[in-house]
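Working notes for the structure below.
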Amino acid sequence: ILTDPAVMCGPILAHYLSLPIVFFMRGFPCSLHYEAPQCPNPLPYVPRLFTFNSDQMTFFQRVGNALVAFLELWYCNSFYADAIKFSSELLQRDMSLMDLLNTASVWLLRFDFVFEYVRPVMPNMIFVGGINCAQKK
């Protein structure tokens with residue numbers, strides 16, 4: 001199933017039908033697109049979204065970056081709480097947000113690698129850049 005994981009209908013349906021999942025997305029605001037495929041995502045070196053930090057942070061910026069990372073996990077779990085509850089009832093087993101996302105076969109990420117901070121990615125993550133580019137007038 002080719003789906004966007006921001007809307008959990010696709011991953012739940014794929015688990016229910018036991019079909020492979022291909023995610024096509026821009027990215028989660030809580031970095032789940034790196035955590036679910038188990039990419040290294042070191043907190044002291046990779047700035048979190050909405051912190052406005054660069055990759056060269058002071059000690060206090062790194063501490064704030066780590067706190068934001070822990071809050072992101074709580075935020076995403078609470079945001080998708082209804083989907084997690086529904087998938088647990090439908091699939092007849094306890095499901096978590098990571099259980100729904102980490103079984104993806106391929107992650108098609110709609111952003112350019114050159115515009116992101118340098119980090120290792122898994123082999124099933126493919127960067128598809130230039131899709132949302134408009135012609136300048």
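Along the sequence shown, the residues carry numbers beginning at 1.
The heavy-atom pair separating Leu101 from Phe23 by the smallest distance is O-CE1, 3.6 Å. Listed here is the closest heavy atom pair of Ala104 and Asn124: O-ND2, 3.6 Å. Nearest heavy atoms, Leu100 versus Pro11: O-CB, 3.8 Å. Between Thr3 and Gly10, the shortest heavy-atom contact is OG1-CA, 3.5 Å. What you find for Trp107 and Ala36 is that their closest heavy atoms are CZ2-CB, 3.8 Å. Minimum interatomic distance between Pro37 and Leu32 (heavy atoms only, all atoms of both residues): CD-O, 3.9 Å.
Between the CD1 atom of Ile12 and the CG atom of Leu90 there is a distance of 7.5 Å, given to the nearest 0.5 Å. With values rounded to the nearest 0.5 angstrom, Met122 atom CE is found 4.5 Å from Cys39 atom SG. With values rounded to the nearest 0.5 angstrom, Ile126 atom CD1 is found 5.5 Å from Leu108 atom CG.
Using a distance-only test at 3.5 Å, with no hydrogens or angles considered, no donor-acceptor pair links the side chain of Glu89 to the main chain of Phe86. Between the side chain of Arg62 and the backbone N or O of Met57, at least one donor-acceptor pair lies under 3.5 Å.
Asn65 has its side chain out of reach of Gln61: every pair of non-hydrogen atoms, C-beta onward, lies at least 4.5 Å apart.
Side-chain atoms of Ser87 and His15 form no donor-acceptor pair, as typed in the model, at a separation below 3.5 Å.
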